There are 2 protein chains.
Amino acid sequence: MLKRLSKDIKKINIKKKSTIKDIANVLNISPAAVSKALHDDPRISDKTKKAVRQVAKNLNYHPNHLASALRKGKSNLVGIIAPRTNSHFFSSVVQSMEEVLNKKGYNIIMTHSNESYKKECDNIDTLLFTQVDGIIASMANETINLDYYNKIKTKGIPLILFDRGENDLNVDYIGIDDYKSSHIIVKHLVDQGCKRIAHIGGYKHTRIFNNRIRGYIDALREHHLPLEEELLLESSLSIEDGRNKIEQLLKLKHRPDAVYVASDYAALGALQVLKEKNIRVPEDIALVGFGNEPFTAMVTPSITSINQHSEEIGKLAAQTFLEHMKSPTIKQSLNKKILDAELVIRESSKIKG
Amino acid sequence: MLKRLSKDIKKINIKKKSTIKDIANVLNISPAAVSKALHDDPRISDKTKKAVRQVAKNLNYHPNHLASALRKGKSNLVGIIAPRTNSHFFSSVVQSMEEVLNKKGYNIIMTHSNESYKKECDNIDTLLFTQVDGIIASMANETINLDYYNKIKTKGIPLILFDRGENDLNVDYIGIDDYKSSHIIVKHLVDQGCKRIAHIGGYKHTRIFNNRIRGYIDALREHHLPLEEELLLESSLSIEDGRNKIEQLLKLKHRPDAVYVASDYAALGALQVLKEKNIRVPEDIALVGFGNEPFTAMVTPSITSINQHSEEIGKLAAQTFLEHMKSPTIKQSLNKKILDAELVIRESSKIKG
DNA sequence: ACACCTTGCTTAAACGTTTAAACAAAGTAC
DNA sequence: GTACTTTGTTTAAACGTTTAAGCAAGGTGT
């Protein structure tokens with residue numbers, strides 16, 4: 001009696017999930033038939049299919065993803081590694097990936113490296129452990145050693161890099177043309193009448209920052225401006241370091257009349273200092289950032305910046321992954337997609353007009 | 001000859017993952033023994049354990065998470081639903097959850113509702129489909145219907161809400177004391193000498209915004225200030241609507257001398273309009289936001305705001321989930337954790353001193 | 001010398017699904 | 001009426017792991 005009662009309680013609480021087998025029992029057919037019916041197999045009669053679907057609904061059946069993933073050797077999960085959580089660029093990229101992938105039945109597992117190499121390795125382990133079908137990543141600033149990324153490759157799991165990539169890793173890549181972006185910026189500043197254009201750049205060993213630096217140097221040459229070493233600084237590109245580096249520039253005998261900063265955050269730091277010192281922007285010093293973070297439009301003066309087409313990057317990265325899934329055996333030709341960036345001109349660099 | 005070549009290539013590329021069985025074969029023991037050895041079962045000899053670990057390393061063995069999850073009926077995945085990607089608050093909360101959960105062997109699946117009820121329902125389906133062990137969510141502004149959240153509950157999956165919760169759903173909740181926060185803000189403004197304090201609030205049907213409104217009303221009363229209907233507005237709290245609502249306030253015969261906005265974003269919109277109209281902040285109108293988004297410190301004047309202790313909220317939510325996992329059968333007493341918020345006073349409301 | 005415990009393994013079933021192969025029944029062709 | 005195809009299903013194995021139950025060999029106590 002007591003036993004029976006506790007059993008009843010169990011029944012009420014636990015509400016065991018129904019399986020394909022339960023459906024099969026109700027209809028007196030085999031589980032295999034149910035599975036096929038649910039997948040609309042042509043060899044199953046319409047009558048059975050209808051019945052199965054009905055019973056499935058009645059029993060509140062939901063397929064067990066783990067079981068099917070195990071059996072099929074495919075988890076329908078895509079791992080994402082982004083260097084930062086709080087950047088608008090990355091969250092926007094990820095959101096657009098999510099949209100594309102969800103439509104095709106894939107789900108996303110997000111991880112963040114916080115620009116740390118160690119965290120990045122942990123993330124990769126986590127994702128491999130979770131049996132993701134592919135990894136879409138943007139590398140941390142710190143990352144130089146590529147062993148962990150090669151680990152992904154040797155496991156035969158598709159790897160797609162975006163924004164922060166590496167040429168040495170032979171994998172698909174989607175990003176904007178950093179080299180050309182620097183050209184666009186320098187040209188814009190020259191057009192505004194600037195003659196001494198400084199560049200607060202990122203670490204040279206990160207490809208994108210290196211490209212921006214090269215673009216800056218070459219663009220100066222094209223416009224017949226001399227490259228002055230004191231005007232080219234390497235920075236961590238944090239807000240704080242933006243402050244430091246602009247102060248360094250302001251100490252120069254011969255100050256620049258424009259500063260191109262390789263990140264909006266560092267540009268913001270620079271702007272804060274300029275305002276504190278009552279240096280007029282853009283009249284005394286023009287300022288250009290990179291990334292088109294929303295705050296660039298919010299501060300005063302608003303900051304001219306480069307729009308990196310985050311939605312497009314996310315979409316393309318997701319699509320590249322999907323292509324890999326379609327034809328996994330065929331050795332894909334490498335996909336390197338480089339988008340043109342767009343300069344969004346705002347108050348911080350609008351001297352003329 | 002050709003065939004052999006292609007087979008060799010295949011061998012090199014595909015590198016079949018090794019399983020527990022492979023280890024067992026190498027050592028001539030049963031797969032069960034290997035499994036136990038890897039889990040440090042006391043019934044396995046140290047000699048065998050060492051051998052197993054060595055072979056596992058040699059074969060580059062990695063456990064198949066899907067298989068063990070299926071067998072154990074536990075995925076070690078936690079689903080997260082956040083209303084927005086780009087808010088510092090939410091990304092910071094999630095990051096702190098991630099930290100706590102990763103340490104205990106759980107991984108996170110992130111989803112975003114973008115404040116849409118429909119998307120939220122999709123997210124819930126996605127997470128249930130992925131067989132998460134629990135869901136930690138913050139509700140979209142739109143969400144009124146609770147059917148989908150009840151669906152989670154009836155499945156017996158732990159559900160923990162943070163920030164945006166609902167009293168009617170009988171689930172764990174972690175958030176800050178919105179009612180009290182309004183008190184703190186009103187007191188601060190009164191201390192600064194303000195007499196006509198307006199409130200641009202959120203939608204009344206969302207609990208947190210309702211609490212802020214109630215707090216505002218009660219605080220006014222406490223400080224013997226009259227509640228004037230024209231000073232209490234309901235808003236979507238976007239930047240754009242912040243602009244609209246401040247304009248509405250500026251049109252009043254008798255303008256407010258302070259505005260408390262229930263979101264930093266709307267506060268920013270308001271600030272933009274005030275600056276455009278050359279109304280001095282805080283001298284003519286003091287401004288207070290909510291959320292302590294990073295940009296509140298970046299704009300000029302910087303915006304006074306409420307710090308919501310995102311790290312703490314994330315940590316507590318994660319810990320609450322872990323407690324559920326520890327004792328799943330025992331009917332837990334409901335965990336409602338309400339943290340005190342902290343006012344970060346900045347330029348936009350610093351009239352005295 | 002007997003019962004009994006411990007140690008260290010093995011066996012076998014189970015988790016829920018998918019799928020290749022088999023098969024029965026009915027239909028078609030000649 | 002025999003051979004072959006089609007239709008609609010079943011059977012059984014498989015995915016990789018975990019775990020309850022079993023069992024053999026050796027040790028301990030009396």
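This structure is a prediction, so every number in the text was calculated from the model and none was measured. Residue numbering restarts at 1 for every chain, and letters A, B, ... go by the order of the sequence lines.
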inquiry  = Any non-hydrogen side-chain atom of B:Lys153 less than 4.5 Å from a side-chain atom of B:Asn170?
reply    = yes
query = Does B:Val52 reach the side chain of B:Ile44, with side-chain heavy atoms less than 4.5 Å apart?
reply = no
request  = Calculate the interatomic distance between B:Leu70 atom CG and C:dC15 atom C1'; express it in whole Å.
outcome  = 4 Å
inquiry  = Taking any heavy-atom pair under 4.0 Å as a contact, classify B:Ile29: base, sugar-phosphate, or nothing.
reply    = sugar-phosphate
query = In whole Å, what is the span from the NE2 atom of A:His65 to the C1' atom of D:dC15?
reply = 14 Å
query = Should the heavy atoms of other residues, nucleotides or ligands under 6.0 Å from NZ of A:Lys21 be counted, would the total exceed 12?
reply = no
ask   = D:dG16 P sits how many Å from B:Leu59 CG, rounded?
value = 14 Å
Let me have the donor-acceptor pairs involving side chains of residues 125-139 of chain A, under 3.5 Å, with sequence neighbours excluded, atom names and distances please.
unit_1	atom_1	unit_2	atom_2	d
A:Asp125	OD1	A:Lys151	NZ	2.9
A:Asp125	OD2	A:Tyr148	OH	3.3
A:Thr126	OG1	A:Asp122	O	3.0
A:Thr130	OG1	A:Thr126	O	2.6
A:Asp133	OD1	A:Ser75	N	3.0
A:Asp133	OD1	A:Ser75	OG	3.4
A:Asp133	OD2	A:Ser75	N	3.3
A:Asp133	OD2	A:Asn76	N	2.6
A:Ser138	OG	A:Phe162	O	2.8
A:Ser138	OG	A:Arg164	N	3.2

message = Can you pull out the residues from residues 30-41 of chain A that lie within a 4.0 Å heavy-atom distance of DNA chain C?
response = A:Ala32, A:Ser35, A:Lys36, A:His39
query = Quick one: B:His62 NE2 to D:dT17 P, roughly how many Å, whole number?
reply = 12 Å
query = To the nearest Å, how far apart are A:Lys17 NZ and C:dT17 C1'?
reply = 14 Å
ask   = Does A:Lys49 reach the main-chain N or O of A:Asp41 with its side chain, forming a donor-acceptor pair under 3.5 Å?
value = yes
ask   = Which of residues 71-78 of chain A have a heavy atom under 4.0 Å from DNA chain C?
value = A:Arg71, A:Lys72
inquiry  = Does any part of the side chain of B:Asn107, heavy atoms only, come nearer than 4.5 Å to the side chain of B:Ile109, both counted from C-beta?
reply    = no
task = Calculate the interatomic distance between B:Tyr61 atom OH and D:dG16 atom C1'; express it in whole Å.
result = 8 Å
ask   = For DNA chain C, which residues in residues 43-58 of chain A have a heavy atom at a distance below 4.0 Å?
value = none
Heavy atoms from other residues, nucleotides or ligands near NZ of B:Lys118 exceed 12 (cutoff 6.0 Å) = no
task = List the atom of B:Pro83, the atom of B:Ser113, and the distance in Å for their closest heavy-atom pair.
result = CA-OG, 3.2 Å
message = Any heavy-atom pair between the side chains of B:Asn114 and A:Gln95 that's under 4.5 Å?
response = yes
task = Report the residues that fulfil ring pair (Phe, Tyr, Trp, His ring centres under 6.0 Å) with A:Tyr149, sequence neighbours left out, ordered by chain and then residue number.
result = none
ask   = Side chains of B:Ile160 and B:His324: closer than 4.5 Å at any heavy-atom pair?
value = yes
query = Nearest-Å distance, CG (A:Leu27) to P (D:dG8)?
reply = 17 Å
ask   = Between atom CG in B:Leu66 and atom P in C:dA14, what is the gap in whole Å?
value = 22 Å
query = Do B:Met325 and B:Lys104 have side chains that get closer than 4.5 Å, going by heavy atoms?
reply = no
ask   = How sharply is the helix from C:dA1-D:dT30 to C:dC30-D:dG1 bent, taking the axes over five pairs at either end and rounding to 10 degrees?
value = 50°
inquiry  = I want to check something: taking the side chain as every heavy atom from C-beta on, are B:Tyr61 and B:Ile20 in contact at a cut-off of under 4.5 Å?
reply    = yes
ask   = Considering residues, nucleotides and ligands other than A:Lys119, do more than 12 of their heavy atoms fall under 6.0 Å from its NZ?
value = yes
